[in-house]
**Q** 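Take this structure first; my questions come after.
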Amino acid sequence: MNFSEVFKLSSLLCKFSPDGKYLASCVQYRLVVRDVSTLQILQLYTCLDQVQHMEWSADSLFILCAMYKRGLVQVWSLEQPEWHCKIDEGSAGLVASCWSPDGRHILNTTEFHLRITVWSLCTKSVSYIKYPKACQQGITFTRDGRYMALAERRDCKDYVSIFVCSDWQLLRHFDTDTQDLAGMEWAPNGCVLAVWDSCLEYKMLLYSLDGRLLSVYSAYEWSLGIKSVAWSPSSQFLAVGSYDGKVRLLNHVTWKMTTEFGHPAAVSNPKTVVYREAEKSPPPGLGHLSFPPSRAGTRPLAALESKYEIASVPVSLQTLKPAADRANPRMGVGMLAFSHDSYFLATRNDNVPNAVWVWDIQKLRLFVVLEQLAPVRSFQWDPQQPRLAICTAGSKVYLWSPAGCMSVQVPGEGDFPVLSLCWHSSGDSLALLSKDHFCLCFLEPAEGRAALGQQDSRT
């Protein structure tokens with residue numbers, strides 16, 4: 001495993017291109033595009049103000065940079081660096097901007113969610129969509145890019161409109177039986193749309209592409225409800241995390257609950273492996289040795305400063321008592337993610353903030369618990385194999401696979417708190433992001449498997 005040098009960064013804006021060839025990052029008002037293999041700068045673009053949002057087009061040919069404070073969007077071309085586009089929303093303002101799946105239209109949401117403006121880069125035409133709802137996840141596209149679902153709010157009722165992305169014609173428009181629609185997401189196969197209510201009411205609604213209500217699911221009443229939602233890549237399961245600290249799996253045949261996963265503070269099942277992070281001081285004298293880098297532009301790994309130990313069950317996990325008198329209490333399942341093959345589900349219960357639970361979806365049981373020394377900030381699955389990367393806002397990155405797990409210190413001068421991370425599409429490298437810097441972590445495919453050397457002795 002090797003690390004690149006450290007590069008400057010602003011607002012955690014660093015993304016790999018969808019085709020995996022480029023890496024874009026923002027430093028205040030500058031957009032930097034690098035070659036992924038060499039990390040050499042290919043293009044340097046200067047925006048009109050500090051960039052607050054950056055996004056690649058699906059074909060990796062264009063990059064969108066949004067400056068919400070000024071109501072501006074600038075678009076840059078990799079093939080024709082001299083070409084650029086500026087979209088000014090003027091007095092209407094700008095609160096959100098995103099690409100359409102074809103990479104030739106931009107959807108801008110104006111202030112107060114008065115409308116969505118659809119700009120065409122090819123024809124320079126403009127279309128308007130009224131009444132978009134101000135919610136966390138109000139726009140969702142099917143995986144094949146053919147349809148868009150939009151949450152709307154009019155006359156104090158929630159609606160969903162489904163548009164055909166090729167010509168932005170309205171396909172279906174229907175009202176939803178929600179008090180305050182909070183989000184929606186298409187199944188990966190594009191056949192079912194999941195719509196859920198705000199946390200004040202536990203309600204999950206499932207609609208077909210033509211707007212038919214397929215099923216309604218509610219686990220309980222009179223308590224805080226849904227907090228997080230994730231589809232399995234196979235579209236067979238819908239995982240619903242809620243404020244009661246449980247994840248419920250709905251199956252795609254009956255849309256009824258298949259099982260529920262609890263997150264107790266004590267793990268007592270002897271078949272569950274519990275990895276506990278422990279501090280480890282480097283061996284004397286090894287911290288100053290230098291090794292020749294194995295590839296251009298990378299640096300060798302420094303001595304590890306922490307390790308994982310297998311704890312003997314029963315194990316008591318560190319819990320956090322939520323403040324009952326404050327909004328958005330730290331409780332319930334706030335993070336969910338399926339592995340690319342749908343075999344595993346990783347979860348975090350917010351009132352047990354230092355632990356990551358990994359569930360075996362084939363056997364519907366708890367597989368592994370990883371307890372960190374600090375609260376888990378983010379985790380993300382390798383897009384090519386069942387391997388999970390975790391960060392805790394410290395200077396380490398953690399990797400788990402069914403073979404075992406390890407803790408890796410990010411080398412370099414000074415502190416490098418890893419606040420977020422993202423995988424390259426090949427799974428061979430990982431971008432580690434801190435507040436003002438980022439670096440790449442390179443995992444050779446064979447080396448990455450061999451490095452996870454602590455075998456699960458009880459699986």
Side-chain angles (χ1 to χ4, degrees), residues 131-143 147-163 170-263 328 331-338 342 345 347 349 359 361 364:
Y131 312 114
K133 182 176 171 66
C135 59
Q136 193 172 12
Q137 202 168 329
I139 298 179
T140 178
F141 296 95
T142 55
R143 190 73 57 92
Y147 303 106
M148 178 188 82
L150 174 70
E152 299 179 359
R153 184 78 173 180
R154 58 177 82 178
D155 300 325
C156 300
K157 279 183 63 75
D158 291 327
Y159 296 86
V160 169
S161 290
I162 298 177
F163 294 87
L170 182 64
L171 179 68
R172 286 288 184 273
H173 176 75
F174 53 91
D175 62 303
T176 60
D177 185 21
T178 51
Q179 296 293 324
D180 183 14
L181 189 154
M184 56 187 186
E185 188 174 346
W186 287 104
N189 61 13
C191 295
V192 178
L193 178 67
V195 177
W196 57 95
D197 217 325
S198 74
C199 63
L200 297 179
E201 183 170 356
Y202 196 120
K203 185 177 284 187
M204 172 66 69
L205 304 107
L206 297 145
Y207 292 93
S208 64
L209 185 59
D210 59 3
R212 287 179 296 115
L213 180 61
L214 301 175
S215 182
V216 179
Y217 177 74
S218 178
Y220 52 81
E221 291 182 300
W222 317 117
S223 186
L224 291 177
I226 296 172
K227 189 167 189 179
S228 55
V229 176
W231 283 98
S232 67
S234 64
S235 301
Q236 292 177 303
F237 292 106
L238 177 64
V240 184
S242 49
Y243 280 87
D244 67 347
K246 294 181 180 179
V247 174
R248 293 166 177 86
L249 283 188
L250 308 185
N251 71 79
H252 74 297
V253 178
T254 64
W255 299 116
K256 298 288 192 288
M257 187 181 74
T258 298
T259 189
E260 66 178 24
F261 297 140
H263 294 74
N328 303 314
M331 59 184 290
V333 180
M335 292 175 65
L336 289 171
F338 280 94
S342 302
L345 172 68
T347 63
N349 187 14
W359 307 86
I361 298 302
L364 297 177

**Q** Using a 4.5 Å cut-off on heavy atoms from C-beta on, say whether the side chain of Leu250 contacts that of Lys256.
**A** no
**Q** Just jot down the side-chain contact (heavy atoms from CB on, under 4.5 Å) partners of Arg143, sequence neighbours excluded, or say none.
**A** Pro188
**Q** Nearest 0.5 Å, please: how far is CG in Asp158 from CZ in Arg153?
**A** 4.5 Å
**Q** Can you measure from CG (Asn251) to OG1 (Thr258) and round to the nearest 0.5 angstrom?
**A** 3.5 Å
**Q** Checking the side chain of Asn189 only, and the main-chain atoms of Ser235 only, is there a donor and an acceptor separated by less than 3.5 Å?
**A** no
**Q** Can you tell me how the ring of His263 sits relative to the ring of Trp359, calling it parallel under 30°, perpendicular over 60° and tilted otherwise?
**A** perpendicular
**Q** Are Met204 and Leu238 close enough that some pair of their side-chain heavy atoms sits under 4.5 Å apart?
**A** yes
**Q** Compare every heavy atom of Lys246 with every heavy atom of Gly262, then report the nearest pair and how far apart it is.
**A** CA-CG, 4.1 Å
**Q** Applying ring-ring contact (aromatic ring centres under 6.0 Å, His included), can you list everything that pairs with Phe338, at least two apart in sequence or on another chain?
**A** none
**Q** Taking Gln179's backbone N and O only, do any of them form a donor-acceptor pair with Lys203's side chain (distance below 3.5 Å, no angle check)?
**A** no
**Q** Please name all residues satisfying ring-ring contact (aromatic ring centres under 6.0 Å, His included) with Phe237, sequence neighbours left out, ordered by chain then number.
**A** none
**Q** Ala219: which residues meet the side-chain contact (heavy atoms from CB on, under 4.5 Å) condition with it, sequence neighbours left out?
**A** Tyr202, Tyr217, Arg248
**Q** Within the 4.5 Å heavy-atom criterion, are Leu336 and Val247 side-chain neighbours or not?
**A** yes
**Q** Measure the spacing between OH of Tyr159 and NZ of Lys133 and express it to the nearest 0.5 Å.
**A** 12.0 Å
**Q** Crowded around Glu260 CD? As in, over 12 foreign heavy atoms under 6.0 Å?
**A** yes
**Q** Identify, with sequence neighbours excluded, every residue that meets side-chain contact (heavy atoms from CB on, under 4.5 Å) alongside Ser223.
**A** Tyr220
**Q** Apply ring pair (Phe, Tyr, Trp, His ring centres under 6.0 Å) to residues Phe174 and Tyr207 and explain how you reach the verdict.
**A** CA-CA 10 Å; Phe174 53 91; Tyr207 292 93; 4.8 Å; yes
**Q** So, Asp210 and Arg212, do they make that salt bridge, N to O below 4.0 Å?
**A** yes
**Q** Measuring only between side-chain heavy atoms, which start at C-beta, is Lys227 closer than 4.5 Å to Asn349?
**A** no
**Q** If I take atom OG1 from residue Thr259 and atom CG from residue Leu364, how far apart are they, to the nearest 0.5 angstrom?
**A** 5.5 Å
**Q** Is a side-chain donor or acceptor of Gln236 paired with a backbone partner of His252 at a separation under 3.5 angstrom?
**A** no
**Q** A side-chain contact here means heavy atoms from C-beta on lying under 4.5 Å apart; do Asp197 and Ile226 qualify?
**A** no
**Q** Decide yes or no for Phe261 and Leu249: does some side-chain heavy atom of the first lie under 4.5 Å from some side-chain heavy atom of the second?
**A** yes
**Q** Salt bridge or not between Arg154 and Asp175? Use side-chain N to carboxylate O under 4.0 Å.
**A** no
**Q** About how many Å separate CG of Leu214 and OG of Ser208, when rounded to the nearest 0.5 Å?
**A** 5.0 Å
**Q** How far apart are the closest heavy atoms of Ala239 and Leu345, and which atoms are they?
**A** CB-CD2, 4.3 Å
**Q** Closest approach of Pro132 and Leu150, non-hydrogen atoms and distance?
**A** CB-CD1, 4.3 Å
**Q** Could you tell me which residues satisfy side-chain contact (heavy atoms from CB on, under 4.5 Å) with Ser215, sequence neighbours excluded, listed by chain and number?
**A** Leu206, Trp255
**Q** Please check if the side chain of Ser342 supplies one atom and the backbone of Ser234 the other of a donor-acceptor pair under 3.5 Å.
**A** yes
**Q** Any idea which heavy atoms bring Met184 and Gly138 closest together, and the distance?
**A** CE-O, 3.1 Å
**Q** Locate the shortest heavy-atom distance separating Val216 from Leu213; write the atom from each residue and the value.
**A** CG2-CD2, 3.7 Å
**Q** Taking C-beta and beyond as the side chain, do Tyr147 and Arg172 meet within less than 4.5 Å on heavy atoms?
**A** no
**Q** Would you compute the distance between atom CG of Asp180 and atom SG of Cys156 and round it to the nearest 0.5 angstrom?
**A** 11.0 Å
**Q** Answer whether the closest heavy-atom distance between the side chains of Leu209 and Trp186 falls below 4.5 Å.
**A** yes
